[in-house]
Participant: 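Supplied in structure tokens, the structure appears directly below.
A note on names: the letters A, B, ... follow the listed sequences, proteins ahead of strands, and every chain is numbered from 1.
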Amino acid sequence: MKQRPAADLSALPTYGIGPRSPTWWGTLGFMALEGTGFALAAGAYLYLALSWPQWPLGAPRPNHWPGTIVTLLLIVSLVPNHMLNRYAEQCAIMPVRIGLVVMSLLGIAPLVVRWFEFPALNIYWDTNAYGSMLWVLLGLHTTHLITDVGDTIVLTVLMFTRHGNSGRRFGDVGDNVFYWDFVVASWIPIYLLIYWTPRLG
Amino acid sequence: MSSSDLTSERDLVPQATPKGDLAPERDGPRDTGLDDATLHRWLERTWRTKPGIIGALSSVDHKVVARRYLVTAFVFLCLGGLNAVAMRIQLSGPQRGLIGPDLYNQLFTMHGVTMMFLFAVPIVQATGIYLVPLMVGTRNIAFPRLNAFSYWIYVSGGIFAWASFALSMAPDVGWFAYVPLSGPEFGPGKRADVWAQMITYTEVSSLAVAVATIVTVFKQRAPGMSLDKIPLYVWAMLVTSFVVVFAMPAVMITSTFLILDRLVGTHIFNPAEGGDALLFQHLFWFFGHPEVYIIFLPATGMVSSIISAFARRPVFGHLGLVLSLIAVGFLSFGLWVHHMFATGLPKLGASFFTASSMLIAIPNGLQIFCWLATLSDGRPVIRTPLLFVFGFVFTFVIGGLTGVMVASVPLDLQVHDTYFVVAHFHYVLIGGSVFPLLGAAYFWLPKLTGRMMSERLGRWHFWMAFIGFNAAFFPMHLVGLWGMPRRVYTYPAELGWGNINLFITAGAAVFFLSFVLFTFNMLHGALRGAPAGNNPWDAGTLEWATTSPPPSYNFARIPVVTHAEPLWAEREALPVATGLRVDARELVISTVAEARPDIREKSATPSIWPLFAAIAVGATFLYSIFTPWAVVWGALPIAITLIGWFWPKGDPEDEE
Ligand code: HEM
Ligand SMILES: [Cu+2]
């Protein structure tokens, strides 16, 4: 088929951030499907809780403190996370490097506390269905946390190499920031569900 | 031109000019003003899949990946079909001793699982992987490496299921594997674990493709292809991908809960310890009903494409069709409970789900009327693809009617788990998906192979398939009403079901043979068929603007779209965009609603790492059937392969 030039794209930029970039949309897509998974797991918990009048099946209440500390750490981490986002938008390599180191540490810290959260549930996964659901919810979020922290660490290392200083990499940093927000946001309902619904009744 | 000409780099000198600001922007030669031959050499050098085995395993070309998907899914269709033939031979007469109950259980489970998870969903997604980037006028799918990864996951998951079958370890608990039958108490051995892990694993691939498709449609449409100019098929794939994103996690959660109950002793589905068996059914059907629409919606998109090409006019009621696609997508999530009427749910709840099941008939009916209006207004040329569309409408309407019947609680209670239901869902699945797919094969295979399939054999194929299908499945309604339950490996002679079952088996044999004929026609067409040219049907969408088969870079220059049927609007010369780099894989990212060109984005280069990552993930899943520690041991290889995948290798595509 014959062609006639109708548009000149040569002046377009070679990368964009946020909703301009496809990776941002891909990240959003993965958030949507993971969020659906979380919602269904939470739904399963509520379904069981509502089907059994004697829920939580005579189990002792979980100790909420490790979970509360994790929650606070995650909320605090949002501040440097968004500072990092601004540096990434400005393509400022040194502040981005520092920000990523900080975010790696702020990712490892809740993971350490998370280790103490499991025993603080005060029940095993194979005691009864209530115990199973607590472990499943906490396990799901922990998997989530581990993958994102791993991702952040790799990206941090990458930014210290010669590959770091490129628009594309700064876009990756922005997407990492975006994803961390989701890790934090998805934790809040799970936290409430695990530690505070048993205290309601 | 020989291939060494293509790759010789004598006059292809890149002229990098680093600018030296904060985030340096490098540059290379552009396509502006290049003559066609030079442009082709540059683009071919940049975009091709490298020769050799490593090159093939590293390919990220959406067309290459899609071809593999299509061939693999077709092989699984044949395998699942052989399962069905084996079952039908066993059932062809009363008390036949060919197949015992244990093997029969594996056969219908493997048939259902193969057809649903290894054939129907992958083949519609594969068609999308091939066609969507071409139809929206871009050079590759979004996240090409993820797409390649998804194929390796899919094929290894399928091999895993069939290897278990060969070892007599195949799941035998039905395609939906209800607890308690599949639970730790009643499902000893590894068979139900195979079901659970195979489901979780293959759905990873489906989700990956869905995300890649959504982003391709949102961000990679050719300049000017605003929302109202997106072809209906692309809309259908978009809605389908959204349904996948929100439905597939449900089945992964179900199968994960099941394997946890089986392997580490959780009690999620165990009523004795505060769990609940019905929870399994809720979670499963929250996926399972939308699954039907995941299979059916793409088929409607294919039908729209075929009808408008042969009616020689745009589909009547474009906007109405888009809206009904979206409505069906939403409604498909409100219906799952109609699979559970026999479980004694509260009456009010059941009535609600009956009502919503009837409601979905409205947008579906609307689509059918729009198609009929298009055909009656145009001057349809009846060719094989259109014949299959007629077959689809006829079959799907019958399937829809019996669907409305089983959506009412009293009737469902009567025919639940009988052959009436088997007849119903084959009318929906085969009528609603396989017939349109066969039509689509006749319609689009010339694009893939560059050659036409035989029209005469095509007509034979259609009539054999249509008659065979109806002969096999219509009588099943009757035996179902007479009381023959599904999933039985035999029946006593006194019940008098012998003759009708023999007839059903004969019909199934004719239907199976029609696929043999189809296979012959495909191969014959691909090797000997008449050359197809770019646009054999004189259709209007962008996939027909490029050669058949398309070059590795799809379009020498990205089209600029002015109309929903761009090729009908611009008969003299296609408006195109210039200014892209030719020494790196550059494509156009546009804005979501209006498709204004926004970024010259680089698309990922070939890589072997997605394959390695799939192997690492696959080995972890396989191992996890035997010990939960697999998840811990598998983490390291998975992490390494993912780093290998994402770590920049210094190509312009990685760096800029
Ligand atoms: C060659 C064509 C086919 C034949 C002859 C056939 C035959 C059968 C038969 C006889 C059964 C019932 C087995 C039983 O309950 O004892 C069955 C079940 C089933 N078929 Fe097919 N089928 C065919 C194609 C398909 C296709 C294309 C699909 C999906 C796209 C499909 C999906 C299913 C499913 C999901 C089941 C239920 C399995 C279960 O009970 O767990 N079939 N088929
Ligand atoms: Cu349904």
Side-chain angles (χ1 to χ4, degrees), chain A residues 1-16 19-23 25-26 29-30 32-34 36-37 39-41 43-44 47-48 51-52 54-57 90-93 125-133 135-136 146 150 154 158 161 163 165-170, chain B residues 22-25 30 32 142-143 207 210-211 214-215 218-220 223 245-246 248-250 252-253 257 260 264-268 270 273-276 279 282-283 286 534 545 556-557 560 572-580 588-589 597-602 639 643 646-648 654-656:
Chain A
M1 194 168 184
K2 275 228 269 309
Q3 304 182 335
R4 66 183 159 83
D8 177 19
L9 307 182
S10 53
L12 291 184
T14 55
Y15 69 94
R20 285 179 66 194
S21 97
T23 336
W25 286 93
F30 278 97
L33 65 91
E34 286 161 21
T36 309
L40 288 164
Y47 177 91
L48 292 178
S51 338
W52 295 96
Q54 64 278 38
W55 196 263
L57 311 173
Q90 296 157 357
C91 297
I93 184 76
W125 65 89
D126 56 358
T127 313
N128 58 31
Y130 165 73
S132 310
M133 284 315 301
W135 280 75
V136 161
I146 292 179
V154 173
L158 185 56
T161 67
H163 302 291
N165 197 11
S166 91
R168 180 163 272 260
R169 286 294 98 69
F170 290 114
Chain B
L22 265 179
E25 216 180 277
R30 304 293 179 90
T32 318
F143 316 126
L207 284 165
V211 172
I214 292 175
V215 177
F218 273 5
K219 295 300 291 176
Q220 293 191 190
V245 163
F246 293 110
M248 291 293 181
M252 294 174 74
I253 290 272
F257 284 3
L260 288 175
V264 299
T266 55
H267 298 289
I268 301 168
N270 177 7
E273 292 291 349
D276 188 85
L279 176 60
H282 280 296
L283 286 171
F286 185 82
N534 291 3
R557 290 191 167 87
V560 173
E572 265 85 74
L574 190 67
V576 292
T578 58
L580 295 187
V588 183
I589 298 298
D598 191 27
I599 303 173
R600 289 181 290 122
E601 172 92 2
K602 312 274 186 312
I643 292 173
F646 288 104
W647 197 267
D654 285 336
E655 305 292 345
E656 288 152 39

Participant: Is A/Trp125 in contact with chain B via its backbone, its side chain, both, or neither, using a 4.5 Å heavy-atom distance?
Facilitator: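 It is both, since atoms from each part get that close.
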
Participant: Specify which of B/Val215, B/Thr578, B/Thr32 makes the most heavy-atom pairs with chain A at under 4.5 Å.
Facilitator: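 Option with the greatest count: B/Thr578.
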
Participant: Is there a donor-acceptor pair under 3.5 Å between the side chain of A/Arg168 and the backbone N or O of B/Lys602?
Facilitator: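 The answer is yes, because a donor-acceptor pair under 3.5 Å joins these two groups.
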
Participant: Given that the side chain runs from C-beta out, which part of A/Leu48 has a heavy atom under 4.5 Å from chain B: side chain, backbone, both or neither?
Facilitator: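 A/Leu48 touches chain B through side-chain heavy atoms alone.
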
Participant: Would you mind telling me which of A/Ser21, A/Ala7, A/Gly29 has the largest number of heavy-atom pairs within less than 4.5 Å of chain B?
Facilitator: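 That would be A/Ala7.
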
Participant: Donor-acceptor pair, distance only, cut-off 3.5 Å: does the side chain of B/His267 make one with the backbone of A/Asp126?
Facilitator: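 Answer holds: yes.
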
Participant: Are any side-chain N or O atoms of B/Arg600 and backbone N or O atoms of B/Val588, one a donor and one an acceptor, separated by less than 3.5 Å?
Facilitator: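 Checked: no pair found.
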
Participant: Answer yes or no: is there a donor N or O on one side and an acceptor on the other, between the side chain of B/Arg557 and the main chain of B/Val576, under 3.5 Å?
Facilitator: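 No.
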
Participant: For the side chain of B/Lys219 and the backbone of A/Pro19, is there at least one donor-acceptor N/O pair under 3.5 Å apart?
Facilitator: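 Flag set: sc B/Lys219 to bb A/Pro19 pair under 3.5 Å.
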
Participant: Examine whether an atom of A/Trp55 lies under 4.5 Å from a heavy atom of chain B, and if so say whether it belongs to the side chain, the backbone or both; otherwise answer neither.
Facilitator: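 Answer is side chain: those atoms of A/Trp55 sit under 4.5 Å from chain B.
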
Participant: Using a 6.0 Å cut-off, check whether atom CD of B/Glu572 has over 12 heavy atoms from anything other than its own residue.
Facilitator: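 Count not over threshold, so no.
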
Participant: Looking at A/Ala11, A/Gly150, A/Ser132, A/Ser51, which makes the most heavy-atom pairs under 4.5 Å with chain B?
Facilitator: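 It is A/Ser132.
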
Participant: Which atoms form the tightest heavy-atom contact between A/Asn128 and B/Glu273, and what is the distance?
Facilitator: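 The pair with the smallest heavy-atom distance is CB-O, 3.4 Å.
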
Participant: Pick from B/Asn534, B/Leu279, B/Ile253: which one has the most heavy-atom pairs with chain A under 4.5 Å?
Facilitator: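 Highest number of heavy-atom pairs under 4.5 Å: B/Leu279.
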
Participant: Report which part of A/Val136 has an atom under 4.5 Å of a heavy atom belonging to chain B: side chain, backbone, both, or neither.
Facilitator: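 The side chain, not the backbone.
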
Participant: Tell me, for A/Leu57 versus chain B, whether the close heavy atoms (under 4.5 Å) come from the side chain, the backbone, both or neither.
Facilitator: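 Side chain of A/Leu57 only, per the 4.5 Å heavy-atom cut-off to chain B.
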
Participant: For A/Pro56, which atoms come within 4.5 Å of any heavy atom of chain B: side chain, backbone, both, or neither?
Facilitator: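 For A/Pro56, there is no contact with chain B at all, as no heavy atom is under 4.5 Å.
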
Participant: Under 4.5 Å from any heavy atom of chain A, what part of B/Val560 do you find: side chain, backbone, both or neither?
Facilitator: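 The side chain, not the backbone.
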
Participant: Salt-bridged, A/Arg20 to B/Glu601, with N to O below 4.0 Å?
Facilitator: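 Not counted as a salt bridge, because no side-chain N and carboxylate O are separated by less than 4.0 Å.
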
Participant: Among B/Phe143, B/Phe218, B/Phe286, which has the most heavy-atom pairs under 4.5 Å with chain A?
Facilitator: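 When all of B/Phe143, B/Phe218, B/Phe286 are compared, B/Phe143 has the most.
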
Participant: Hey, which of B/Ala639, B/Pro249, B/Ala250 has the most heavy atom pairs under 4.5 Å with chain A?
Facilitator: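 Option with the top pair count is B/Pro249.
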
Participant: What pair of heavy atoms forms the shortest contact from A/Trp52 to B/Gly275, and how long is it?
Facilitator: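 Shortest heavy-atom separation between A/Trp52 and B/Gly275 comes out as CZ2-O, 3.3 Å.
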
Participant: Can you tell me which portion of A/Thr127 sits under 4.5 Å from chain B's heavy atoms? Options are side chain, backbone, both or neither.
Facilitator: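 Contact with chain B: backbone only.
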
